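Only this structure's heavy atoms are used, side chains among them; waters, hydrogens and symmetry mates stay out. All figures in this text were calculated on a predicted structure; none of them were measured in a lab. Chain letters run A, B, ... following the sequence lines, proteins first, then strands; residues in each count from 1.
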Amino acid sequence: MKKYMLKRILFSIFSLLVVVMTVMVLVYSLINRNVIFQADDTWNKRNLNDRTIYEYTQYQKFGYLNYTDYSSFLKQKYMESDGEAYTSNDDYKAAKKAINDPATFQQNPDVQEFANKYAADGYKIRYLQPVTFKSGKTKPGGNAYLIAVREKNVFFRLIDYIKDFFSVETKNQVKDERLTDRYIRFEKDPYSGLFAIVGSGTQHKYLLYFDNRFPFIHQNFIHMNLGTSYTRFRGQEITGVITSPQGELQTRSTQYPTMIGTDEYVETAIDFHSLTYNAAEGELSDLDKSQFTDRYTVYSYRKAGMSMIENSFVIGIIATIIAYLLGLPLGILMARKKEKLADKLGNAYIIFIMAVPSLAYIFMFAAIGTTLFHLPYKFANAEVKFLAYILPTISLALPSIGSLMKWMRRYMIDQMNSDYVKFARAEGLSEREIFGFHISRNAMIYLVHGIPGNILGCLTGAIITERVYGVPGVGNLLTTAINQHDNGIIVACTVFYTSLSIISVILGDLLLAKYDPRISLSEEGGGGR
Amino acid sequence: MADFEKNNAAVENEDDLFRFVGNDVISSEKIIAPRYSYWKSVFRVFFRKKINMFLIAVFVLIILIAFIMPFFWPYDMFENVSTAASYNLNPAKAMAFFKGSGIKYILGSGSMGNSIFYGVISSSKTSLLLAVICAAINMVIGIIIGAIWGYSKKFDAVMLVIYNIIANVPYILLITVLVYIIGSGFWPFVFALTVTGWLGIAYFFRTQVMIIRDREYSLASRCLGTPITRVISKNILPFLTSVIVTILATELPSYISMEVFLSYIGVGLSASIPSLGRMIQQGQSAFLQYPWEFWPPVAVASAITIILYLLGQNLADATDPRTHM
């Protein structure tokens, strides 16, 4: 069994990697990369060479390539030798001017150094000739440029991605010589009143702490980095985007680290558990010094709303629970009353749910809910937040109920003529007992496999439901990212969805083997579906 | 009374009752059973249900309207785009505004003064075509590959790896990328829906084939040296007719729903092609304010999908020989 699981897990990791690589090929190589400039005003405003340079900087930002400019190379080079006064160096001036002449620029030693240095690293050197009017004056945007460009190889991109995927906090995490006292230890947490694991030299100050937010115990030891968003949440880390609370700031009476021990309190929304190391050069600002006792001065705020993933999960999990609580008994009822009224009504419902486009019935229920029951339609406009969850949850539960009813009925009917049912009848058991305990237990074998998938699937959110009701959840992360060409989010979503689906299948198999002891996972051949 | 006497008279002469019949070798080889034709029985069972006749009549009517009427009532989304007064008119107002244009504005006008009625008709043509073409391509490829996949163990090992990988690439992403690469016309869209769409069908079919593959009669056939292609086409596929029709019943409507869904999230057919998805997408933003722009395409899409689903399910029931009694 252990060997089998190990094999499964290794194979899962392999297929996850291949999926991520396939998606990387799809989004980075197959899509024409010009599409990112479709609605870009800056691109429209720039001309000629300036536009090309802008394109390269954008490509670099979107992760397509590495790009270096000759002028930044010069700046770095002469900064090293001359410091801040490098602009007055004559060599620098000459080197900078050299590229304006297409005929002679290659003779400049700095140009040669630049070209040789980057060509050795596999960069391609591109020279953009100055574009001039007949009078010799440069056209707007026609300045000469010398750049080095290196396309990112899919394979290396994948390796880079994996390298950054997990990060574990150690006390040598922060590379800063000013920090002398490095430790990780238990301390009394002044904010929760309980203990916390506090680090110095780590990125986060609080590595393990308690507070009054779900799930009440939080850790910062291991950080999973799904990637960085390019356009949608400019430069933010996607893990943070989907897990950090949203909505209005939540203030409360608390103390800055310098106030601890005194009876001074302030009204602020700063979350002191979120403190991270401030690696900025130079001294801390006076304000920071008055509030903080160390260099852990970067913080985020406490917000009243739930995070994206929490929103999606709450709606999804309630809908799933409702679906199982209603769908299974209704399926049993339909099988018991086969070809009677209850079965016919149930079938009509199933056909409606299966055949009609989901968009259509979600809007239908939105119309019914808002006009007849006066439930809030758009999430953001809801006065009572609790009410805003009702319609999305119902919309999400309805199709699941239909599909559970369908399969439960099907498997129940398949089992109804088995010998054990006849035997149970001969024993004199009531129909209720036969259906409720004997047949349904066997019919459930087929449905058990899907339970982990349904629960974990709640984490990925629902595309249509969340869009229709304006729920700030994760469901539309992928679709909006595609529309905005946010390759970072696309890859992150793929990793997230694929891992969840792989984990679901493995958990489903384990649950199935647990539920039905006749099923053995590790043996070749026998059983299985 | 007279008959009785006649019989009595006949009984008296026993030689007239019995006659010696020689041993007929040829006719003794024949087995007398009612003639059974599979497809005839299928249709007999199918048409036994009156609802099926009704559904077919409605469906034929929809097809005729969708495919013939656009020639007489061409739909142009932008014909009234210059008259802002014609935007978003409810049916009564639109009929009054466009006096003399017959029933063209019977369902009101859309966000650019377009006729909802003509739009729905032209759009259902696109949706029906899309559903039929995609279903045909996916079903043919899916069933052929699924049959081989389920039959050959070597092929199975390779295909499972491919399946695990492709099935995990988000479907929306795949379609969007394809739409970006090859454009969003009708045929590129068909390509995007079918390039991996057959995989799910093939996987489902593989499992069904595997169940039949190891039945005794198939084993016997293999022992006698029947070639694989013949085993698949004669032993396995006929057994799975009802499965195939069941897949068809869920596949056909699913492409209409898929088009609606993709248009809604913004990766549908291009704007120049009238489609139900696009109409629903345009109507949804103000569906409480201008309900006549939203509900007609939704109603038509739902009607088509329900009819296709019901017809398919009923045909699948009829193709199961156990119902032919």
J.: Counting C-beta onward and ignoring hydrogens, is there a side-chain heavy-atom pair between B:Thr250 and A:Met354 closer than 4.5 Å?
T.: no
J.: Within residues 163-172 of chain B, which residues come under 4.5 Å of chain A, heavy atom to heavy atom?
T.: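 Answer by number: B:Asn164, B:Ile165, B:Asn168, B:Val169, B:Pro170, B:Ile172.
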J.: What is the minimum heavy-atom distance between B:Trp295 and A:Ala367, and which atoms define it?
T.: CZ2-CB, 4.0 Å
J.: Quick check on A:Tyr497 against chain B: is it the side chain, the backbone, both or neither that has a heavy atom closer than 4.5 Å?
T.: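 The answer is the side chain of A:Tyr497.
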J.: Specify which of A:Thr480, A:Leu478, A:Ile464, A:Thr371 makes the most heavy-atom pairs with chain B at under 4.5 Å.
T.: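 The residue among A:Thr480, A:Leu478, A:Ile464, A:Thr371 with the greatest pair count is A:Ile464.
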J.: Based on non-hydrogen pairs under 4.5 Å, which of B:Ile265, B:Leu174, B:Ile256 is most in contact with chain A?
T.: B:Ile265
J.: Between side-chain atoms of residues 18-30 of chain A and protein atoms elsewhere (two or more places apart, or another chain), which donor-acceptor pairs fall under 3.5 Å?
T.:
residue: A:Thr22; atom: OG1; partner: A:Val18; partner atom: O; Å: 2.5
residue: A:Tyr28; atom: OH; partner: A:Tyr230; partner atom: OH; Å: 3.3
residue: A:Ser29; atom: OG; partner: A:Val25; partner atom: O; Å: 3.4

J.: For A:Tyr361, is it the side chain, the backbone, both or neither that has a heavy atom under 4.5 Å from a heavy atom of chain B?
T.: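 Neither part; nothing is under 4.5 Å.
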J.: Return the option, out of A:Leu16, A:Val505, A:Val468, with the maximum number of heavy-atom pairs under 4.5 Å with chain B.
T.: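 Maximum pair count with chain B is reached by A:Val468.
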J.: How about CZ on A:Phe14, more than 12 heavy atoms from neighbouring residues, nucleotides or ligands closer than 6.0 Å, or not?
T.: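 Counting neighbours around CZ of A:Phe14, 12 or fewer heavy atoms of other residues, nucleotides or ligands fall under 6.0 Å, so no.
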J.: For A:Lys344, is the NZ atom crowded, meaning more than 12 foreign heavy atoms sit under 6.0 Å from it?
T.: no
J.: Non-hydrogen atoms of chain A under 4.5 Å away: do they reach the side chain of B:Glu259, the backbone, both or neither?
T.: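 Contact with chain A: none, neither part.
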J.: Which bit of A:Ile463 comes within less than 4.5 Å of chain B, counting heavy atoms only: side chain, backbone, both or neither?
T.: side chain
J.: Where does A:Ile351 contact chain B at under 4.5 Å (heavy atoms): side chain, backbone, both or neither?
T.: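 The answer is both parts of A:Ile351.
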J.: Quick check on B:Ile307 against chain A: is it the side chain, the backbone, both or neither that has a heavy atom closer than 4.5 Å?
T.: neither
J.: Check A:Pro357 against B:Ala301 and note the closest heavy-atom contact, atom names and distance.
T.: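 The answer is CG-CB, 4.2 Å.
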J.: Within this structure, what is the OG1-OH distance for the pair A:Thr479 and B:Tyr264, rounded to the nearest 0.5 Å?
T.: 9.5 Å
J.: Does a sphere of radius 6.0 Å around CZ in B:Phe54 hold more than 12 heavy atoms from other residues, nucleotides or ligands, not counting ones at 6.0 Å or beyond?
T.: no
J.: Kindly indicate whether the side chain of A:Val356, heavy atoms from C-beta on, has any atom under 4.5 Å from the side chain of B:Tyr309.
T.: no
